[in-house]
Structure formats: C-alpha cells, structure tokens
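Order of the sequence lines fixes the chain letters, A, B, ..., with proteins taken first and strands second; residue numbering starts at 1 for each chain.
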2 protein chains.
Amino acid sequence: MERMTIIDIAKMCGVGVTTVSRAMNNHPDISEETKAMIMKVIKENHYVPNNSARNLKRSASKTIAVLIKGITNPFFNHMIKVFEQEIQRKKYSFFLQRVDENQDEIEVAIELEKEKRLKGIVFLGGYFSHSQEKLNQLTVPFVLSTIGMTEEFDLNNYSSVSVDDFKESYRMVDYLCNQGHTKIAIITAAMDDVSIGKLRYEGYKQALKDNGIDYNAQLVWCMKENIESYTMENGYTVTKEMLETKEEFTAIYAISDNLAVGACRAIIEAGKRVPEDYSVAGFDGLDISFYYNPSLTTMKQPVVEMAEETIKILFDLINKKITHSHKIFPAELIVRESTRSLL
Amino acid sequence: MERMTIIDIAKMCGVGVTTVSRAMNNHPDISEETKAMIMKVIKENHYVPNNSARNLKRSASKTIAVLIKGITNPFFNHMIKVFEQEIQRKKYSFFLQRVDENQDEIEVAIELEKEKRLKGIVFLGGYFSHSQEKLNQLTVPFVLSTIGMTEEFDLNNYSSVSVDDFKESYRMVDYLCNQGHTKIAIITAAMDDVSIGKLRYEGYKQALKDNGIDYNAQLVWCMKENIESYTMENGYTVTKEMLETKEEFTAIYAISDNLAVGACRAIIEAGKRVPEDYSVAGFDGLDISFYYNPSLTTMKQPVVEMAEETIKILFDLINKKITHSHKIFPAELIVRESTRSLL
DNA sequence: TTGTAGGCGTTATCAA
DNA sequence: TTGATAACGCCTACAA
C-alpha cells in the first residue's frame with residue numbers, strides 16, 4: 001500500500017504491466033474498455049507513476065527547461081509566461097528551474113539534461129562567462145536570453161536574444177545630456193562585473209565622451225556588495241551615501257529600474273524632489289517604472305517579443321533549421337516624469 | 001562518449017562500479033588514493049551521474065522541497081532565502097519548485113515526493129482547499145506556510161505558519177476608522193475566493209461593523225479576473241474605475257501592497273493626491289511599500305520569522321518531535337505617508 | 001490486443 | 001578495501 005508500483009496496478013486489474021503502461025501513456029493499441037477500467041483503478045488507488053523511473057527509461061522526452069538566474073527579478077515574470085505558453089503550444093512540456101546567484105548554471109543544465117532527457121534549454125538572465133569546453137558538454141540546443149555576454153565568445157557557438165546593452169545605455173545617457181545634464185551620476189554594477197553591468201556602464205562613459213563631458217569618477221557609484229544586487233534597497237543605500245557627498249550632480253542614471261526606485265526614495269527622504277532637484281532615469285521598463293511616483297524615465301526592453309524570439313530560435317535549432325542566431329532587439333526610450341530638461 | 005555511465009568510468013579506472021559509486025558518494029570504506037584517482041578521471045571526462053537513476057535507486061534522500069504558488073509574488077523572495085539557508089544548515093538539500101496558478105500543488109507534491117524521495121515539503125502561498133483524502137496521500141511531513149486555509153480543515157491533520165489574516169485585516173481597517181475614515185473602499189479578491197482574500201475581506205466587514213459603519217456594497221471592489229491577480233496593474237485598473245464612479249470615499253484599503261501601488265498611481269493620474277485626497281493602505285509589508293512615494297501604510301508580515309518557524313516545525317515533524325502545530329504570527333501595523341487622519 | 005522479459009544507470013547487499 | 005549482482009519502477013521489443 002505504501003508504495004504502489006505499476007505491477008500492483010497490473011495485478012489488481014488482472015492484466016500485464018504493458019497494458020497498464022499503455023493505458024497511462026495513451027498508446028493506440030489498447031481497447032477503450034480495458035483502458036477505462038485501468039484508469040479507474042489507478043484513480044481509485046491514487047497510483048502515481050514514479051518520474052525517476054520514467055525519465056530513466058525514456059530515451060527522450062519532449063521537454064524544454066528554462067533556467068533562470070536570480071528569481072528575484074520581476075523582469076522575468078512576463079517572459080516566463082510567454083515561454084510557458086509557447087512551449088506548450090508546441091506540445092512540449094516546460095520545466096522551470098531557478099538557479100542560485102552563486103550556482104553554476106551550466107552545471108545545473110548538464111545535470112538536468114541527463115536527468116530529464118531535455119530537448120532544449122533556455123538560459124535566462126545573469127552573466128555568462130563559461131569556458132567553451134563546458135558549453136560543449138551541453139548536447140542539446142540552448143539559447144541565451146537577455147544575458148550579458150563577454151565578447152570573447154565565438155558567436156558561432158551559441159545563440160542569443162537580447163538588447164544591445166551598450167547602445168541602449170548610451171542612448172539613455174545621451175538623452176540626459178541632450179536635456180542639458182552634464183553632471184550625471186551612475187549607479188552601476190561592481191567594477192569587476194563582466195555582464196550587462198559592464199556594458200551599460202561602458203555605454204554611459206561613451207555617451208559622456210561623445211557629448212564632450214569629462215568623465216568624473218566621483219559620480220560613478222557601484223552597488224553595495226553586501227546587499228542583494230539590483231534591488232531597491234541597494235539603490236537606496238547607494239544614493240543616500242551619494243547625497244551626503246558634496247559632489248554636485250543633476251541626474252542619476254541607475255542601470256535598473258529597481259535601483260532607480262531606491263534612488264528616488266533616498267532623494268525624497270533627503271527632502272529633495274524628483275525631478276526638480278534631481279532627475280532619475282532607470283533601465284528595463286519594469287512595471288514599477290510606470291506605477292512609481294514620479295513615473296520613471298526608462299529604457300524598456302521588449303520582453304514579450306524577446307521571449308517569443310527565444311523560443312522560435314530554440315525550436316529552429318532543435319529542428320535543425322538554423323545553425324546559430326543572434327537577435328538584438330531595440331529598446332524603447334520612455335520619457336516620463338522622473339527626468340526634466342535643464343535647458 | 002556521448003552518454004557516459006558509471007560503467008565507463010569504472011572501466012577507465014580499472015575498478016568496479018561499486019568503487020566508483022563509493023568515490024562519488026563519499027562512502028567511508030574506500031582508500032583515499034583510489035578515490036582521488038577515480039574523481040580525477042570523472043573530472044577529466046566530465047562525467048555527470050544521472051539523477052533519475054540515483055533517485056530511483058536511493059531509498060531516501062535528504063531533500064526538502066518548497067512548492068511555491070505563483071512565483072510572481074515578491075513577498076516570497078525573503079522567505080525562500082531563509083528556507084534555503086536553514087535547510088542547508090541542517091545538511092539537507094533544497095529543491096524549489098514553482099507551481100502554476102492553475103496547477104494542483106498537492107498533485108505536484110505527490111509526484112515529487114516519489115520522484116525525489118523527499119523528506120519534507122513546504123507549501124508556500126496560495127489557497128488551500130484540498131480534500132483530506134488527497135492530503136493523506138502525502139506520506140512525508142509538510143507545512144503550510146502563509147497559506148489561507150478554510151476553517152473546515154481538521155487542525156490535527158496538518159501544520160501551518162501564518163498571520164491571522166482576518167484579525168490583521170481587521171486591525172488595519174479599524175485603524176482607518178479611528179483616523180476618522182467612514183467611507184473606506186476595499187480592493188479585494190473575487191467574491192468566490194476562499195483564501196486570504198476572503199479572510200481579509202471578512203476582517204474589513206467586521207471592523208466596519210464594530211465601528212458602527214454601515215457596509216456599503218458600492219465600496220467593495222474586486223480585482224479584475226482578466227488581469228493577473230494581486231498586481232499593480234490590477235489595482236490600477238480597479239481604482240481608475242472606482243474614481244469614475246460618483247460614489248464618495250476617503251480611503252482605499254487594498255488587500256496587498258501591489259494593489260495599493262496601482263491604486264496610488266490611478267489616483268495621482270486622476271489629478272488627486274495621496275493622502276490629501278485619498279488615503280491608501282496596503283497589506284504584506286513588501287519592500288515597495290517602503291520605497292514608494294508616498295510610502296505606504298501597511299500590515300507587515302514578519303517574513304523571516306515565519307520562514308524560520310516553518311522550517312523548525314518541518315524538522316520537528318520529520319524528527320517526530322511533535323505531531324502538528326499551528327503558529328500564528330502577529331503582523332505589524334506600519335503607519336506611513338499614504339494615510340492621513342481626518343480628525 | 002495483450003503479456004513476458006530485458007534494460008535504463010545507479011546504489012545496496014553480500015561475499016571475497 | 002573491493003567487486004559482482006540484484007534491485008529500484010518503468011517502458012518497449014518481441015512473442016503470443
């Protein structure tokens with residue numbers, strides 16, 4: 001009773017295990033009545049087949065895994081929904097696995113691929129600085145979605161979907177400059193970041209340069225290492241420090257909306273106003289950027305389109321229609337209440 | 001090469017499979033040198049054992065699964081972190097599984113229990129209206145954490161950790177009344193909700209009653225069914241409609257902070273101010289309630305303590321120290337900028 | 001249409 | 001300290 005197996009069911013039904021298996025897996029060659037009878041017994045006895053045994057035996061399953069780094073990010077919620085939808089529409093099943101910040105997503109993927117006999121993998125978010133050798137251990141197609149990549153990677157070895165973090169970051173800062181801001185502080189990732197943090201920071205530097213503004217290291221602030229990154233709390237803490245400094249600035253560019261929200265709160269708490277005293281700009285286009293007060297100027301990533309494209313590429317890869325593909329989506333500069341013109 | 005098994009490794013090392021297994025699983029009776037040698041070969045060949053086979057064979061694993069309903073909720077993030085920490089501190093491994101809104105968490109749990117040979121389960125969030133019969137199919141201990149339960153359940157059949165949603169909701173509305181508000185609108189769950197939505201709504205009604213305020217159905221608004229529940233968008237949409245009505249009110253009580261944020265934005269967009277024109281109160285004590293502008297009056301759930309207690313109870317259950325336990329934590333009424341007194 | 005038996009990759013048992 | 005071998009629970013040729 002404790003642990004029922006397919007054999008128990010077979011015995012109870014007075015049939016062979018094969019027949020039970022057929023009934024459960026919707027095989028064609030089984031009579032409707034025996035099938036119904038078996039299913040009834042299964043229901044009544046609450047028999048649940050053991051997935052491990054299934055996966056072990058099955059040579060291949062039609063499942064796609066989505067590995068998401070740092071589940072905290074609300075940015076992913078919309079994307080996940082699209083993934084799930086699209087994958088199910090293709091009659092594949094969908095497996096979502098969160099990967100911890102300090103876990104190696106490739107290792108998780110390798111293990112999962114074997115365990116679940118995956119057909120494909122989507123890596124969502126995070127950095128990506130793995131050795132080619134490791135990547136090669138993945139024998140099924142995979143797509144890197146919204147992942148900052150260092151450029152050393154051979155583009156022929158993987159597929160990806162993302163925005164151009166450098167360029168879009170540049171656009172944001174360029175916009176700020178065009179509004180007359182010359183003292184633009186940035187809240188960015190740690191200096192040793194090699195991912196989107198670095199790219200967005202580089203975009204900032206370049207935009208300043210092209211606008212004839214001298215780079216001022218006093219205006220570059222990194223997220224606190226001891227606080228979870230890309231959180232409101234982090235933006236808040238950094239901005240508070242920033243405001244205690246006597247360094248002058250008229251705008252803060254936070255490389256994510258969450259940081260921007262934290263920055264706004266710090267400014268307000270200091271008795272200043274956004275955007276009258278300080279303009280604040282974010283990045284990502286999260287929901288909160290619309291609902292916050294003041295609403296946040298941001299760079300909106302086309303999450304739905306990106307998610308759809310991710311799945312499209314993945315299935316093209318699976319069906320061997322393409323070799324590798326890199327799709328860059330344009331982000332949309334949304335100007336809202338949190339920034340103002342100085343001109 | 002494609003698919004390496006333990007046998008391949010054994011051959012390469014010139015040992016038996018048992019020895020390889022021993023090396024991998026830190027068994028005591030194996031010499032350090034052979035172990036080192038085997039591990040080296042494994043590393044070099046990137047051999048990764050198949051988890052399905054392991055789970056199938058292993059009679060029991062030391063793993064705890066956390067099933068979380070609707071991953072969207074930022075409320076859970078802090079809790080998850082605590083879970084992970086505590087579980088690892090007990091030398092158990094931690095498996096997080098998201099359960100879709102319209103999926104049956106018990107069924108997922110039953111399957112997972114067999115597949116992974118779980119030692120315990122934490123159900124996080126969502127409603128809980130399952131038959132006793134179904135619950136009985138779970139053969140390992142489980143704890144319901146922050147889950148709204150209908151009262152028909154026999155308390156001797158499960159353990160739980162939560163706040164008293166009815167009472168704390170009552171307190172919030174009572175506070176509003178004490179501030180002189182008599183026309184208090186509520187944004188709540190659908191009327192057929194049987195979970196925290198219902199409990200918080202009942203608390204609202206009772207508080208009004210006890211304050212001698214007539215219940216006004218015109219002031220009761222439910223989340224839109226066609227928009228994801230408990231989102232800013234939902235609160236925003238509902239509040240917009242609310243404002244178009246000529247029904248008067250001085251305060252909005254949203255049964256979650258996210259809804260409250262949406263409500264604020266709708267009010268601001270209508271050219272009104274919070275709290276001067278309308279007071280807005282939330283529930284949960286999410287980060288955003290602190291960072292929003294105006295900061296939100298809310299009922300803060302002691303998430304860390306609740307998470308710790310959840311794990312404590314679970315392990316007590318596993319170690320048969322207790323039978324069943326129900327821990328109710330007090331929430332904290334945090335008064336901030338979004339509400340004002342009318343007196 | 002149904003049943004028997006072998007194997008999926010591991011770990012546990014027992015003997016060496 | 002090691003190694004052969006029997007499970008673990010299921011699926012699937014193949015046979016009936």
In whole angstrom, what separates [X]'s [atom1] from [N]'s [atom2]?
X	N	atom1	atom2	value
Lys11(B)	dG3(D)	NZ	P	14 Å
Asn55(A)	dC8(D)	CG	C1'	14 Å
Ile7(B)	dG9(C)	CD1	P	8 Å
Leu56(B)	dC8(D)	CG	C1'	4 Å
Met24(B)	dT10(C)	CE	P	6 Å
Arg22(B)	dG3(D)	CZ	P	9 Å
Glu111(B)	dG9(D)	CD	P	16 Å
Arg117(B)	dA7(D)	CZ	C1'	12 Å

*Give Thr5(A) one of three labels, base, sugar-phosphate or nothing, depending on what nucleic acid heavy atoms sit under 4.0 Å from its own.*
sugar-phosphate

_So, OP1 or OP2 of dT11(C): does either fall under 4.0 Å of a side-chain N or O from Arg54(B)?_
yes

_side-chain N/O Tyr47(B) vs dT10(C) OP1/OP2, d < 4.0 Å_ = yes

_Selection: residues 13-20 of chain B, any non-hydrogen atom under 4.0 Å of DNA chain D_ = Gly14(B), Val15(B), Gly16(B), Val17(B), Thr18(B), Thr19(B)

*Please walk me through it: do Lys116(A) and Glu115(B) pass salt bridge (charged side-chain N to carboxylate O under 4.0 Å, His left out)?*
CA-CA 12 Å; Lys116(A) 305 263 182 200; Glu115(B) 180 177 341; 3.0 Å; yes

Donor-acceptor pair, distance only, cut-off 3.5 Å: does the side chain of [X] make one with the backbone of [Y]?
X	Y	result
Asn319(A)	Lys321(A)	no
Asn25(A)	His27(A)	no
Arg98(A)	Leu96(B)	no
His326(B)	Leu155(B)	yes
Ser160(A)	Leu144(A)	no

*Among residues 25-44 of chain A, which residues get a heavy atom nearer than 4.0 Å to DNA chain C?*
Asp29(A), Ile30(A), Ser31(A), Thr34(A)

*So Glu86(A) and Arg89(A), salt bridge (charged side-chain N to carboxylate O under 4.0 Å, His left out) or not? Walk me through it.*
CA-CA 5 Å; Glu86(A) 294 295 302; Arg89(A) 214 159 51 82; 2.9 Å; yes

*Walk me through it: do Glu111(A) and Arg54(B) pass the test salt bridge (charged side-chain N to carboxylate O under 4.0 Å, His left out)?*
CA-CA 12 Å; Glu111(A) 213 168 303; Arg54(B) 289 187 128 165; 5.9 Å; no

*Assess Lys119(B) against Tyr92(B): is NZ or CZ under 6.0 Å from the centre of the six-membered ring, and within 45 degrees of the ring's axis?*
no

